[in-house]
Structure formats: C-alpha cells, structure tokens
2 protein chains.
Amino acid sequence: MGLHRSTAGEAMNENGRTPYDPHAFEPFAVTVDLAVFTVRESRLHVLLIRRGQDPYAGAWALPGGFILPRECAEDAARRELAEETGLSQESAAALHLEQLRTYSDPDRDPRMRVVSVGYTALVPGLPEPRGGGDAAHAQWTPVGALPELAFDHARIIADARERIRAKLEYTCLATAFCPPEFTLGELQQVYETVWGVELDRPNFRRKVLASPGFVEPVEGAPRRTGGRGKPAALYRAGTATTLHPALLRPERRSEGERSE
Amino acid sequence: MGLHRSTAGEAMNENGRTPYDPHAFEPFAVTVDLAVFTVRESRLHVLLIRRGQDPYAGAWALPGGFILPRECAEDAARRELAEETGLSQESAAALHLEQLRTYSDPDRDPRMRVVSVGYTALVPGLPEPRGGGDAAHAQWTPVGALPELAFDHARIIADARERIRAKLEYTCLATAFCPPEFTLGELQQVYETVWGVELDRPNFRRKVLASPGFVEPVEGAPRRTGGRGKPAALYRAGTATTLHPALLRPERRSEGERSE
DNA sequence: GCAAAAGTGTTTCGTCTACACCCATGA
DNA sequence: TCATGGGTGTAGACGAAACACTTTTGC
C-alpha cells in the first residue's frame, strides 16, 4: 500500500510536502459506482439514475456515491444499493454484491480527481422496484438499449456484463438473480438471458442437479405454476459457491455476440 | 462515479461543505500495491521490499506507492513495477500486469485514510533480478515461506495467488511466467508450480497444442537443452488470451491445499 | 383434445485419463 | 549403456449433445 517507498525517483512529495499531512497533497475523491442487474421479461436490465447535478446533468448514470470517512468501499456500495433499490438494509444485505474493478483515469470526472471502485450487484426480478426517497429517478433499463451514459459508466457496465457472463460458467452466481425459491426453468432463463443462447432443458437440468451444492430441492414442496404446463419443483440456492463440473456455455462463437 | 447522488440521506456533504472544493472534505490517499510473482526453482516467489519508514518500519511489504495527480492506477503500477524490478520502462511494458482489487478498510493504514488498488504482475524467471536504485531492498521470497507482512499485504498476496491459480485454467496467462521462447516442459512447470500438482506430460502437451493461439512453434528452430535428455522444441506465446477448451486442473480437492 | 411446460431415457460422440512405448541427448 | 527429459500412440472411462418420449397442467 502507500507511503512506503524509499527508493530514488520518489513518487510522492513531488510537490515537496510531507505525505503525512492529510491535506498536504492533492486530494483524491473516492467513490463507488454500482452496476445493479436483474432479469426481467427474459432481458437483462441495469439500474440507472438520472443525474441532477451538473457534469452530465440530465444524463443517465449508475447509482453511486462517496465513501464515507469511516466506511470501506464495500459498506458504501451496500449502503447505496439499499438506498437505490428501496430495500431495507437487511434485505439489501442478502443481495449479491461484488467488487468489479477500480476506475482511475485522471480525466474521468471533469471537476476533480475522482477514483471510483466499481461494484456489481445482482437482484432477483422484483416486480417493479424503484428508488428510495426519490421514487422515480431510478429506472431499470435493458442492457440492449442503453442511453448515453455519464462518465465512463458505459465501460463499467460492459465490464460488469463480461464478468457476470464468465462467472455463470463456474460459480453458482445465477441463483442470485432468482427469488429465494425458484424452478429450474427460471434458473435456465437466467443463463439463457445472460448468455444470449438457448440451452437444452434436459441437459441443463442434469448438469445443475449433478453439481453438488448448486441447488437443493424444497422438500415436500408445493409446486408452482408458471401459467400453463406441468407445475415445476421448487429449489433454493445451495451452499456451494463454485461449480464442479463447470456449466460451460455452448458454441465458441468467434467473439462478438453483443446482441441483446 | 462520484458526486452524482441527489437522493435523501446524502453521503457527501455530511460535513456541510460543498464537494466541489477539492480540499473541503477529508482527503483519501490513493496508492497502488503490487504482487509481483515469478517461478524460480519450481517454486512460486513474490517480490517483497523492506520498509524503511515508520508504520511497520523494518517489516516486509509489497512494492507500491502513490498514484500521481495525472496518472491512472495502471500507469502508477507500471511505473512501480519498472522501478522495483530494475527493468527499463520498455521491458516492464511487456510484463503481464493486471488489476486485482481495491482495498479500502478505513483502518488498514494507521496514519490516515489510504485506499489502495492492488495489482498482480507476472515476470519470467529472471536469473537474479533486483531493485532499481536501492539494489538490495527488494527480494524474491517463496510464497510458502512468507514473513510477517505490513498492512494487509498478506491478504493481497493470498488474493493474487487465488486469481492466478484460477486464470491459468482458462487463459494463456502461464506464458507470462516464461521467457520469450520456451519449451512445453517449462510451461508445464509453471502450471505444476502454481497449482501444486503434477501433470501428465503427454496429456499436457496435447491440450496446449490443441488450444488455438496458446503457443506457436518457433519454426526451423534450434532446440534447447535443459541439461540431459532430448532437446525440446521451442515455442513462443500465441495471440490468444483465453483458452478453449480450458485446461482444467486435476482433482477437485476439498478446498485447502495451501502447501507450497 | 391440444398446447405448453416439466421431467426421463437413451444413443452417440468427443474429450480427458492413464499408461505403454519410442526418441535423442549427456555422462 | 543408462538415466533423463521430449514426444507419440492408444484403450477405456467419463461427460456432454441431441433428441425421442412421457407427465401434468390450463384452456
């Protein structure tokens, strides 16, 4: 970490001041930005807010905000997540939240030096969730129809999508998109939506059930109907976090595949 | 990113000042920390430096330092990497360097609020590389015999090792540990060292050669001897970055496997 | 009965594993 | 000629893909 170099060509102190005085060097603002995803109507959506303040005022942006003096980045992200989804702290604590990467381009904010820690959150397909205090400023937007975004937020969303795509293969992440109890059909929809492919249901079923700890049946359970068709058995997320064997996505398409 | 929230329960301005004044809020120092790995004598080593300054003075730590006002984190990490390995900027530019994650515990540095962006770097097994200006303050240390480390650097190293282990499976990362031209035996050693397992040579060879773009033969090449035995064909890193199919590590051991 | 969704079975095919075996070199 | 590491071949186990088929519901 910082303040521990003593070789030649010193990085700090290039303004001649000692680095031990908190106000001596040019300060950095440190924020968190959240890419909150959900699956609705077989499409991947991301939560956007409309900016009120000036740089990019009126533009869409990711929710986020400052890290407080006594907060770690994860706490700040969790706090923002609760505020922006309108959930209680307790409900938000159960959501999947993971650090993505940090964005530090010196020009990413025109006002001053702002370093932002990006987070990815996954929420179940709540019927119509909206923001906390300000009810209408947050909105689910299909990732295939993103507007122009403030700052480098388009990049953050792209990075987050790529991360999610990859992690579905070898982790149990997909259950984070599902409500506490779900059917294998719903779970499959998550995969198909995020990957943009169709999967063979019998094979999908076998692979999921063969992965120890991925899902566990809700025993003696009522069976939920999704309209027509045979009622499906319910499952809940298991205890495993990684998948063995992995659930590989089909066809190694050349690269592209950005359609949504 | 920052400065763009306008809902209730504002994060910024909790001290009543406008966030647009760079010196108005409690400043964060932002640094980079580098976990630089190499494979030497069939063991994974990490580059450590001995601290001269006071928090943890005399203790071992990861190389790192401040991000300069006009620098992004990646540039800062690359600069530190060049300084600490003693390589030129050009040589260091060819090394594998990737962002790991950001560490932001408010108490991770006793002096002040320091947020650090961790990076992982992979270097070939240079014979005896050492630091830049200060020749002896940097040292390769086997990851199986780490001393007490300053700050949260032990955690950073653990995270970095885990990342490397995972990425060997599905990326071409292993070639970053190898010199520009290498034999398949050397490449296999990288895998065996990082994973701590023995691999079947015939199968390893087949899998590597079957992964398009992983390695490409150095045509009409001289064959290098590693002492005794048949000289091996030379390869260089291919153009691919991801591996299809993946090179899965054998046996799904319960979890642990920290031995080294 | 028909459509729709859940769930089972089976055949086929490719991949990975394990291991036997040959090749080229230094001592 | 023996030890050492590079390289090839192959039989069997395993897992995945493809698809036919049955079950249970709403209309």
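These numbers were taken from a predicted model, which means no experiment stands behind them. Every chain is numbered from 1, with letters handed out A, B, ... down the list of sequences. Side chains are part of it too, since the values below use all heavy atoms of this structure and drop only hydrogens, waters and symmetry mates.
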Handout entry: Base of D/dG5 paired with side chain of B/R201 (donor-acceptor, under 3.5 Å)
Key =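 Between D/dG5 and B/R201, which were checked side chain against base, a qualifying N/O pair under 3.5 Å is absent.
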
Rounded off to whole Å, could you give me the [atom1]-to-[atom2] distance for the [X] and [N] pair?
| X | N | atom1 | atom2 | value |
| --- | --- | --- | --- | --- |
| A/E192 | C/dA5 | CD | C1' | 13 Å |
| A/L187 | C/dA6 | CG | C1' | 15 Å |
| B/F204 | C/dC19 | CZ | C1' | 19 Å |
| A/Q189 | C/dA5 | CD | C1' | 12 Å |
| A/R249 | D/dA17 | CZ | C1' | 18 Å |
| A/D200 | C/dT8 | CG | P | 14 Å |

Problem - Qualifying residues under side-chain contact (heavy atoms from CB on, under 4.5 Å), relative to B/P217, sequence neighbours excluded - result: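 B/P217 satisfies side-chain contact (heavy atoms from CB on, under 4.5 Å) with B/E219, B/Y235 only.
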
Test of understanding: with salt bridge (charged side-chain N to carboxylate O under 4.0 Å, His left out), list the residues that count as partners of [X], not counting sequence neighbours.
| X | answer |
| --- | --- |
| A/R201 | none |
| A/K167 | A/E98 |
| B/E192 | none |
| A/R101 | none |

Problem - A/D159/A/R155 ion pair, N-O < 4.0 Å - result: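 Counted as a salt bridge, because a side-chain N and a carboxylate O are separated by less than 4.0 Å.
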
Practice task
List for me each residue that meets side-chain hydrogen bond (donor to acceptor under 3.5 Å, both in side chains) alongside B/T241, sequence neighbours excluded, and say none if there are none.
Solution key: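 So B/T241 forms no side-chain hydrogen bond (donor to acceptor under 3.5 Å, both in side chains) with any residue.
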
Problem - side-chain hydrogen bond (donor to acceptor under 3.5 Å, both in side chains) involving B/T239 - partner list, sequence neighbours excluded - result: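 For B/T239 there are no side-chain hydrogen bond (donor to acceptor under 3.5 Å, both in side chains) partners, ignoring immediate neighbours.
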
Exercise for the section: Would you mind listing every side-chain hydrogen bond (donor to acceptor under 3.5 Å, both in side chains) that reaches into residues 170-186 of chain A, with sequence neighbours excluded? Expected result: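 Qualifying pairs: A/E186-A/R224.
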
Would you tabulate the pairs of protein nitrogen or oxygen atoms and nucleotide nitrogen or oxygen atoms of nucleotides 15-17 of chain C closer than 3.5 angstrom?
unit_1	atom_1	unit_2	atom_2	d
C/dT17	OP2	B/K207	NZ	2.9

Close N/O contacts between protein and nucleotides 20-24 of chain D (under 3.5 Å):
unit_1	atom_1	unit_2	atom_2	d
D/dT24	O2	A/K230	N	3.3

Exercise for the section: Apply side chain to side chain contact (heavy atoms under 4.5 Å, CB included) to B/L122 and B/L95, showing your working. Expected result: CA-CA 7 Å; B/L122 270 38; B/L95 298 178; over 6 Å; no

Problem - Close approaches to DNA chain D from residues 175-185 of chain B, in residue order (heavy atom, under 4.0 Å) - result: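 Residues of residues 175-185 of chain B that come under 4.0 Å of DNA chain D are, in numerical order, B/G185.
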
Problem - Under-4.0 Å side-chain N/O to phosphate OP1/OP2 contact, A/R205 with C/dG7 - result: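 True: A/R205 side-chain N/O within range (under 4.0 Å) of C/dG7 OP1/OP2.
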
Problem - Pairs where residues 204-217 of chain A contributes a residue and the test salt bridge (charged side-chain N to carboxylate O under 4.0 Å, His left out) is met, not counting sequence neighbours - result: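 Matches after skipping sequence neighbours: A/E216-A/R236.
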
Practice task
Under 4.0 Å between any heavy atoms, over every strand shown, what does A/A233 touch: base, sugar-phosphate, or nothing? Just pick one.
Solution key: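 If one applies the 4.0 Å heavy-atom cut-off, A/A233 turns out to touch the sugar-phosphate alone, with no base involved.
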
